[in-house]
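Below: one structure, written as structure tokens.
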Amino acid sequence: MLLRVLGTAAGGGVPQWNCACPGCSGARAHPERRRRHASLAVRTDDGRWYLVNATPDIGDQIEAHPALHPGPEPRRTPIAGVVLTDAELDHTLGIARLREADALEIHATAPVRRALDERLRLGAVLGPYTTLTWRDLPCHGARSLTSATFGRPDRSLRISAVPVSAKRPRYAADAPETDGDDAWVVALRLYDPATGRSAVYAPAVAAWSDALHRVAAEADCVIVDGTFWDDEEPRRTGISSRTATGMGHLPIDGPGGTAGILATLSARCLYTHLNNTNPLVDPAADQHKRLARLGIEVADDEMVIEL
Ligand SMILES: [Zn+2]
């Protein structure tokens, strides 16, 4: 299994177009600090790629990674589908940018699919452009990713979802409660049966559940929500009246923070989904040293992880 990090920023990116905070200003002055919206590409043994989340940066993200380029035939793409961790706009707006495809497969949990289909009306809007096929993302039991475009299931990658939050996107805040209500936001477990190796990708974590801990404890690589450094960061920086936890993101530092949990895992652990207010967007910040002492990394755009 090969993972390519396509982006590592939370909503808005770094820099965010309307923000002059130190993190955004720093990224304008130092382009190497720029971070695209958090996303991952996963390659299976037969060479197909799945994108985890489809961000507003998806066009640039594909162009930045030659392995994702089309060819040799003019319209042949190695990208077999998109797997969604949630229905947030920053993780789904890129779907519309893929409308030039003959067919597009979206793997999502039931509440995420309903939000995109009934609230954003993605199926109705994109129907005249491409054939959109929804695939159920299972929360109980893993399965091989299937792609009609590629004609057969790829048994080298098994995927399952672990619900981590019932937080709805703002545009679906009044969505009625249904079965599977906790599957609005999920962590993905990617498992290669040939090697027995697995990765967990969880760009939004509202609570560290026992189920999440189980898959993280046996994983070889864990890439998790690093949106905010501490719980007060959103209020201190003036971007919200809520705490990090109140916004659906466990902070990295402090009581109940994820750094203390990750430090106990044997997996290679990395943070992604950094908000532009997070001190970690400055490579010189002391917080990097604190994480390094715990053996925890901060993912970078274009990082490659082989498992
Ligand atoms: Zn900013």
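Each ligand, and each atom within it, is numbered from 1 in the order the structure gives.
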Hey, which protein N/O/S atoms does the Zn ion (ligand 1) have under 2.8 Å? Cys19 SG, Cys21 SG, Cys24 SG
Heavy-atom check, side chain of Glu100 versus side chain of Arg75, under 4.5 Å: no
Any side-chain heavy-atom pair from Leu116 and Trp134 closer than 4.5 angstrom? yes
Kindly write out the residues that satisfy side-chain contact (heavy atoms from CB on, under 4.5 Å) with Ser266, not counting sequence neighbours, or none if the list is empty. none
Results of side-chain contact (heavy atoms from CB on, under 4.5 Å) for Asp301 - residues two or more places apart only: Thr8, Arg35, Arg36
Take Arg4 and Arg43, measure what side-chain contact (heavy atoms from CB on, under 4.5 Å) needs, and give me the verdict at the end. CA-CA 8 Å; Arg4 274 187 179 274; Arg43 191 190 68 189; over 6 Å; no
Which residues, ordered by chain and number, are linked to Met247 in its hydrophobic cluster, where ILVMFWY side chains connect at heavy-atom gaps below 4.5 Å, directly or through other members? Phe228, Ile239
